[in-house]
Each structure stands twice: as C-alpha cells, then as structure tokens.
Amino acid sequence: MKLKSWVKTGILVTAALSQVNAVQAAELIQNGGFETQGVDNYDITGWQSAEQGIFGSVLAQSGTITEVTGNNTVGAYQGSYYGLLDNNGLSASTLFQTFSTGAVSSATLTFQMFVNNQNSATNIDAAGLDYSVDATDNPNQHVRVDILRAGSDPFSIDNTDVVQSLYIGGANGVLAANNYINYSFDLSASLASSGSYVLRFATVANQNSLQLGIDNVSLNAVSSVPEADSVA
C-alpha cells in the first residue's frame, strides 16, 4: 500500500510540474500573420492604425502590388496577407497593438520586415514622425519600431512614452522590392514588470513613396513562476 501511495504521489507531482511548465510561455500578440480581417483589409483583427497627412494607408495587403501607391513588393512572407504601411509622401502612419502581461522572466519579439523607399535616401529627422514640409522642416523619410507605454499617442517619440526603441532606419533604392529581413529583440528587461504596453510599427515620408511590410509578428513571454524544484 505504501508503495502504491508513493507511486500515486509521484504521478501527481509530475503532473503538477508539467502543468506549471506548460503555462509558463505565452504568445502576447494576436493575429501576427495578418490573415484575419474584419469588414475589410483596413480592419485588421487585433491591430489598430493611425494616419496623418495625405496619401497614406495601413492595411492587410495581399499580392505584390500595393493598393495605394501601386509599387511592387515581395508579397507575404507566409500565408496570403502581410501588414503594410503604404505612404505616398507627406504622410505618417502607424500600425500598433496593445498587449498586457504579468511579470516575465524573459520575452522575445520576432518578426519579418521589409522597407521599400522610392526616395534616393533615408532621412531620420529629430522631429520624429512629423511629415511636415516648410522652410523650417528637414527631409524625413524613415521607419521605426518601438514598445510604448499603453495610452501613449501612436505618433509619440517622447522618452516618457517609449519603453524600448527597437529599430529606426530604412532602405534606399528607387522602385526596389526588397526582401524580408528577420528581426529578433530581447524585451525581458522592458517587460519585467506587469503592465500594458504597445507594439508600434511606424513610417513617415515627406520626400517620396515609402512602404513598410511586416509579417509573422510574435512576442513570446515566459512568466515569472516558481522553479520546478521549488514547486516540488
């Protein structure tokens, strides 16, 4: 009888530890492949968008010809759709998703992204995502990816709003349909405390057309739970 009791106890402990380990990792991004839309391709399930200026759009794009500017792209990295910020100049656009998490011990963001720039140069101005052009404004033609605090203005670059800046840059080459590049970022320190955050992809263009394509967005977080031997 004692042997059976120990066997049963061992089975229960093993099962409990398996359950603890199973719930540690969590996907925090919804519809990271952009395959699900609402009423149309501008209503992307799980995502929000904001636009400023003229001749810009944010949508789930299929095919290799962009809907607004009519430029060539490589299409979706996987599946039929990808997220696209398609600017035709004098505009700024953001694609973003709010997510919440408990305290994490590790968090990794991965995605595939391309940038097509029909301007002869990438211009990163201190004005951030300001697309204005007048006597006091500089050329501003680039993309950026950030983690923001929840509730921040979707175009903000203030240090009080930006938790972690992940990418600021672009690509040159008139009419070039550039391939995707794989990106991976460690967000463990930024998400160490529980809270709500925003993943933002953004473009600004005041020189010429600019496209930002994203696919397979994934944010995998491991919660801060007791170690298996402590639970045992």
Side-chain angles (χ1 to χ4, degrees), residues 9-38 43-50 58 60 77-79 81-83 85 93-113 128-129 143-168 180-202 212-232:
T9 301
I11 293 173
L12 290 174
V13 171
T14 301
L17 293 180
S18 298
Q19 290 178 355
V20 170
N21 290 332
V23 300
Q24 281 185 317
E27 174 59 61
L28 301 182
I29 296 297
Q30 181 184 1
N31 194 23
F34 303 97
E35 297 297 319
T36 305
Q37 290 80 52
D43 181 15
I44 311 170
T45 300
W47 296 87
Q48 294 177 274
S49 63
V58 180
Y77 183 87
Q78 183 175 325
Y81 291 89
Y82 60 102
L85 287 72
S93 303
T94 65
L95 175 66
F96 58 98
Q97 184 169 149
T98 302
F99 62 91
S100 298
T101 179
V104 304
S105 58
S106 66
T108 304
L109 172 68
T110 58
F111 54 86
Q112 282 79 44
M113 182 175 78
L129 295 172
V143 307
R144 63 181 296 149
V145 185
D146 306 277
I147 299 296
L148 305 178
R149 302 186 191 283
S152 300
D153 186 292
F155 294 94
S156 176
I157 62 165
D158 291 344
N159 291 333
T160 56
D161 295 327
V162 178
V163 176
Q164 186 173 345
S165 184
L166 306 176
Y167 178 92
I168 303 177
Y180 284 92
I181 297 175
N182 296 316
Y183 291 91
S184 179
F185 299 94
D186 184 0
L187 305 186
S188 303
S190 296
L191 305 184
S193 300
S194 60
S196 294
Y197 304 89
V198 176
L199 170 61
R200 176 186 67 185
F201 297 90
L212 169 61
I214 316 111
D215 211 347
N216 289 337
V217 184
S218 175
L219 176 50
N220 190 269
V222 177
S223 60
S224 299
V225 298
E227 294 294 333
D229 55 356
S230 298
V231 175

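Quick caveat: nothing in here was measured; it's all calculated off a predicted structure.
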How long is the span from the [atom1] atom in [X] to the [atom2] atom in [Y], to the nearest 0.5 Å?
X: Asn220; Y: Leu28; atom1: CG; atom2: CG; answer: 7.5 Å
X: Ile157; Y: Ile168; atom1: CD1; atom2: CD1; answer: 7.5 Å
X: Arg200; Y: Thr98; atom1: CZ; atom2: OG1; answer: 12.0 Å
X: Ser223; Y: Leu191; atom1: OG; atom2: CG; answer: 12.5 Å
X: Ile29; Y: Ser218; atom1: CD1; atom2: OG; answer: 8.0 Å
X: Asp215; Y: Glu35; atom1: CG; atom2: CD; answer: 7.0 Å

Tell me whether [X] contacts the main-chain N or O of [Y] through its side chain, where contact means a donor paired with an acceptor under 3.5 Å.
X: Ser190; Y: Leu187; answer: no
X: Ser188; Y: Ala107; answer: yes
X: Gln37; Y: Phe34; answer: yes
X: Asp161; Y: Ser156; answer: no
X: Asn216; Y: Gln112; answer: no

With a sphere of 6.0 Å drawn around CG of Asn182, does it hold more than 12 non-hydrogen atoms of other residues, nucleotides or ligands?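 More than 12 within 6.0 Å, yes.
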Test item: [X] and [Y] side chains (from C-beta on) under 4.5 Å apart, heavy atoms:
X: Phe111; Y: Val145; value: yes
X: Val217; Y: Leu109; value: yes
X: Leu148; Y: Val162; value: yes
X: Arg144; Y: Leu129; value: yes
X: Gln97; Y: Leu219; value: no

- Task: Please test Leu166 against Asp146 for side chain to side chain contact (heavy atoms under 4.5 Å, CB included), starting from the C-alpha separation and ending with a verdict.
- Result: CA-CA 5 Å; Leu166 306 176; Asp146 306 277; 5.8 Å; no
What are the two closest non-hydrogen atoms of [X] and [Y], and how far apart are they?
X: Ser93; Y: Leu85; answer: O-CD2, 3.4 Å
X: Ser184; Y: Thr110; answer: OG-CG2, 3.7 Å
X: Thr94; Y: Ala202; answer: CG2-CB, 3.8 Å

Item to complete: For the residue pair Phe201 and Trp47, categorise the inter-ring angle as parallel (less than 30°), tilted (30 to 60°) or perpendicular (more than 60°).
Response: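 Rings of Phe201 and Trp47: tilted, 30 to 60°.
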Quiz item: How about Thr160 and Asp158: does a side-chain donor come under 3.5 Å of a side-chain acceptor?
Solution: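 No, no side-chain donor-acceptor contact under 3.5 Å.
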